[in-house]
Amino acid sequence: MSPDQLAASRAALWRDLQPVLARTPALSFHSGSDLAGFPITDTATLRRDYGAWNSLGMSDATLRALAQDAEEGAASGELSAGWSTGSGSGARGLFLSRPSERADYLGQILARLLPAPDLLRRQRLALHLRASNSLYSDVGRRRFAFAHVPLGESTEASLKRLRQFDPTILIAPPHRLAAFARAGARFPSLRHLFCGSEPVSEAERSFVDDRLGLRPRGIYQATEGFIAAECAEGRLHLNDHVMIIELEPVPGTPGYRPIITDLRRVSQPIVRVRGDDYLEIDARPCPCGFAGRVIHPPQGRVTDIWYYAGRTFTPPRVVAAIEAVLGGDTNWQAVADTDRVVLHVSPCCPADIATLAARSLTRELGGTVPVVVMQDLTAWRGPKRRKVKGGNA
C-alpha cells in the first residue's frame, strides 16, 4: 500500500468514525470536524473520567467496577473492560471493548505478527500479563489454545506453567524473558517469541536470543491502542493503516512523543491522546514492504529525559552507554537526581564491571554530574520495568 493509499484509507475510516464521536461526551462537540479541530488530550485527563470517553453512555463508576470485576475473575457479559499492566509510574489505564472490536483487534495483532501459514495452524499461545482479560483470551476460541501466566508469580512458578502448556507462541515482558534465559529455560515447541509492555534493548534481545534460541520481536502496545509491531526484518513499524499517529517534537532532542488516534476503536474512542513515550524515527528503508513508518524501539518516557548543565540526555543514550559494558544479562536501573545519578545494579554484578558501567555513563553525560553505584537491585518491583528514570527536570 502506497503512502497515498494509506492516507485515503485513513480518511475513509475517519469519516466512518464521526457518528461514534458524536456519542462520546469528551469528543461530541468536535464531531464532523477535521482531525486538527479536535483538542489534544493527555492520558492523565482521559483517566480522570472514563465516562466521558465512551460512546455507550456508561458512567466512570460503572466502567471502573466492570474492570475491577474482570481483574478478580468475576466478569460477565459480552462487554469487556479491564486494566492495563500499568505505566512505569504505576498508573493504570482502563480499556473497553465489545466482541466485534476484540475480534478486529486480535485479527490485526495476529496478521502483523505471524506469517500467513501459521495463522492456519493450531497454536498454543502463552501470554504474560498482570491479569487475564477477554480482549486476549478470546483468541482461544479460534485455532489457538490460550494460557495466561500471571506476572505476579515467581519465575519458577511461571516456568512450571509454561512447561505444562508447551507454547508455540510466547508473549512476555522483556524482564521476564531475561529471567527465563538466566534460569536456563527450554521451550521445545516454541516457534514465535514476542516481547512487549516495557522497553527492550538490543543487548537484551541478543542475550535472550543466545539463551532461548529465538530473537524476541517487539510489540508496541498501550491502553491507547496497538501502536506498532516488529516485522520479520527486525524493524518496528507504526500501524499507520489503522491509526493516525502524530509526532510531537520533544525540545532539545531528535525525538518525539506520539499523539494517538485509533480509527477502529468504537466503544472507547481514542482521538488525539498524547502518549508519554519518547520515540525516535528510524529513517532507513525496510525491505519488508509494510508501509507503516519505522521507529527505533522506545527506551523510555519523555519524563525520563535528563537535563544537566543545559544539556539533554535521552533514555536511548543512557541505555546504550550502560549496556555497552553490562550487556543484556544484568539487572540495572539509572535514576537521575538534581545533582547526581544513581546506578542501581544487581548484587550479582562484579563490582569492577559496575564501576566500568558508571564510568561509561559519566563519559556520556560529559562529566556534568557524578554517577554513584549501588549494588542493591535484587529484583524488579511492580508490573512494569523502567531502566531509566527521570526526576531532575
Side-chain angles (χ1 to χ4, degrees), residues 70-71 73 75-85 95-153 157-174 176-177 180 185-197 200 208 212-223 225-232 236-237 239 241-242 262 264-265 267 288 290:
E71 183 95 349
S76 61
E78 292 188 335
L79 187 67
S80 171
W83 296 110
S84 69
T85 301
F95 55 85
L96 179 67
S97 63
R98 292 184 292 192
S100 59
E101 291 173 281
R102 296 197 295 273
D104 179 74
Y105 195 82
L106 287 170
Q108 289 183 50
I109 290 177
L110 295 175
R112 292 284 285 113
L113 299 183
L114 299 181
D118 284 359
L119 292 172
L120 302 177
R121 298 189 180 105
R122 294 288 298 175
Q123 303 286 354
R124 295 183 299 278
L125 191 159
L127 183 62
H128 246 318
L129 285 175
R130 190 181 43 77
S132 187
N133 188 275
S134 58
L135 178 64
Y136 304 99
S137 57
D138 276 0
V139 74
R141 299 175 185 174
R142 305 182 181 196
R143 293 185 178 90
F144 291 73
F146 172 84
H148 166 239
V149 182
L151 276 178
E153 286 188 339
S158 296
L159 284 175
K160 182 178 179 181
R161 282 180 187 259
L162 290 169
R163 281 193 293 268
Q164 292 171 345
F165 185 64
D166 191 24
T168 59
I169 304 170
L170 173 60
I171 304 175
R176 267 301 164 114
L177 294 183
F180 294 159
R186 293 290 182 268
F187 303 111
S189 299
L190 195 64
R191 297 294 176 267
H192 300 283
L193 182 63
F194 301 98
C195 57
S197 87
V200 60
V208 171
L212 299 186
L214 278 176
R215 173 185 166 86
R217 288 166 55 196
I219 303 171
Y220 178 19
Q221 185 173 277
T223 313
F226 178 33
I227 299 171
E230 189 174 324
C231 70
L236 188 63
H237 291 261
N239 288 326
H241 60 304
V242 291
D262 191 328
R264 303 297 287 266
R265 292 274 282 273
S267 299
C288 81
F290 186 73

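Remember, it's a predicted structure, so these values are computed and weren't measured experimentally. No hydrogens, no waters, no symmetry mates; every other heavy atom, side chains included, goes into these values.
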Name the orientation class of the two ring planes belonging to Phe187 and Phe180 (parallel below 30°, tilted from 30 to 60°, perpendicular beyond 60°). perpendicular
Applying salt bridge (charged side-chain N to carboxylate O under 4.0 Å, His left out) to Glu153 and Arg161, what does each step give before you reach the verdict? CA-CA 10 Å; Glu153 286 188 339; Arg161 282 180 187 259; 2.6 Å; yes
State, with a plain yes or no, whether a side-chain heavy atom of Leu214 is found less than 4.5 Å away from one of Leu170. no
Kindly give the heavy-atom pair with the smallest separation between Gly218 and Leu236, and that separation in Å. O-CD1, 3.9 Å
Considering only heavy atoms from C-beta outward, does the side chain of Cys195 approach that of Ile219 to under 4.5 Å? no
So does Gly225 get a backbone contact from the side chain of Asp262, meaning a donor-acceptor N/O pair under 3.5 Å? no
Over all atoms of both residues, closest heavy-atom pair of Ala222 and Ile227: CB-CD1, 3.9 Å
Evaluate the side-chain proximity of Thr223 to Trp83: yes if any heavy-atom separation is below 4.5 Å, no if none is. no
Has His128 got a side-chain atom pairing as donor or acceptor with Val149's backbone, closer than 3.5 angstrom? yes
Side chains of Val200 and Pro216: does their closest heavy-atom pair fall under 4.5 Å? no
Do Arg112's NZ or CZ and the ring of Phe290 fall within the cation-pi criteria of under 6.0 Å and 45°? yes
So which heavy atom on Leu177 is nearest to which on Ala172, and how close? CD2-CB, 3.8 Å
Please report the C-alpha distance between Phe144 and Ile169 in whole Å, then the side-chain angles of each, then the deciding distance to 0.1 Å, and finally whether the side chain to side chain contact (heavy atoms under 4.5 Å, CB included) criterion is met. CA-CA 10 Å; Phe144 291 73; Ile169 304 170; 3.8 Å; yes
Under the 3.5 angstrom rule, does the side chain of Glu101 hit a backbone N or O of Arg98 as a donor-acceptor pair? yes
Just how far is it from atom CZ of Arg191 to atom OG1 of Thr168, taken to the nearest 0.5 Å? 8.5 Å
Note, Leu125 side chain near Phe165 side chain (heavy atom, < 4.5 Å): no
How about Pro167 and Gln123: do any of their side-chain heavy atoms sit closer than 4.5 Å? no
Would you check if the side chain of Glu230 reaches a backbone N or O of Arg217 as a donor-acceptor pair within less than 3.5 Å? no
Ser267 and Ser97: side chain to side chain contact (heavy atoms under 4.5 Å, CB included), yes or no, with the steps? CA-CA 6 Å; Ser267 299; Ser97 63; 5.6 Å; no
Is there side-chain contact between His241 and Asn239, with at least one heavy-atom pair below 4.5 Å? yes
Look up atom CD in Gln108 and atom CZ in Arg264, then write down how far apart they are to the nearest 0.5 Å. 6.0 Å
Under a 3.5 Å threshold, yes or no: a donor from one side chain and an acceptor from the other, between Ser158 and Arg176? yes
Closest approach of Ala185 to Leu212 (non-hydrogen atoms, all atoms of both residues): O-CD2, 3.6 Å
When rounded to the nearest 0.5 Å, the distance separating CG of Leu114 from CZ of Arg121 is 10.5 Å
Considering only NZ, NE, NH1 and NH2 on the basic side and carboxylate oxygens on the acidic side, decide whether Asp166 and Arg124 come within less than 4.0 Å. yes
Could you state the interatomic distance from CG (Leu113) to CD1 (Ile171), rounded to the nearest 0.5 Å? 6.5 Å
From Ser197 atom OG to Leu127 atom CG, the distance as rounded to the nearest 0.5 Å: 9.5 Å
Closest heavy-atom pair, Ile109 versus Gln221, reported as atoms and distance to 0.1 Å, is CD1-OE1, 3.6 Å
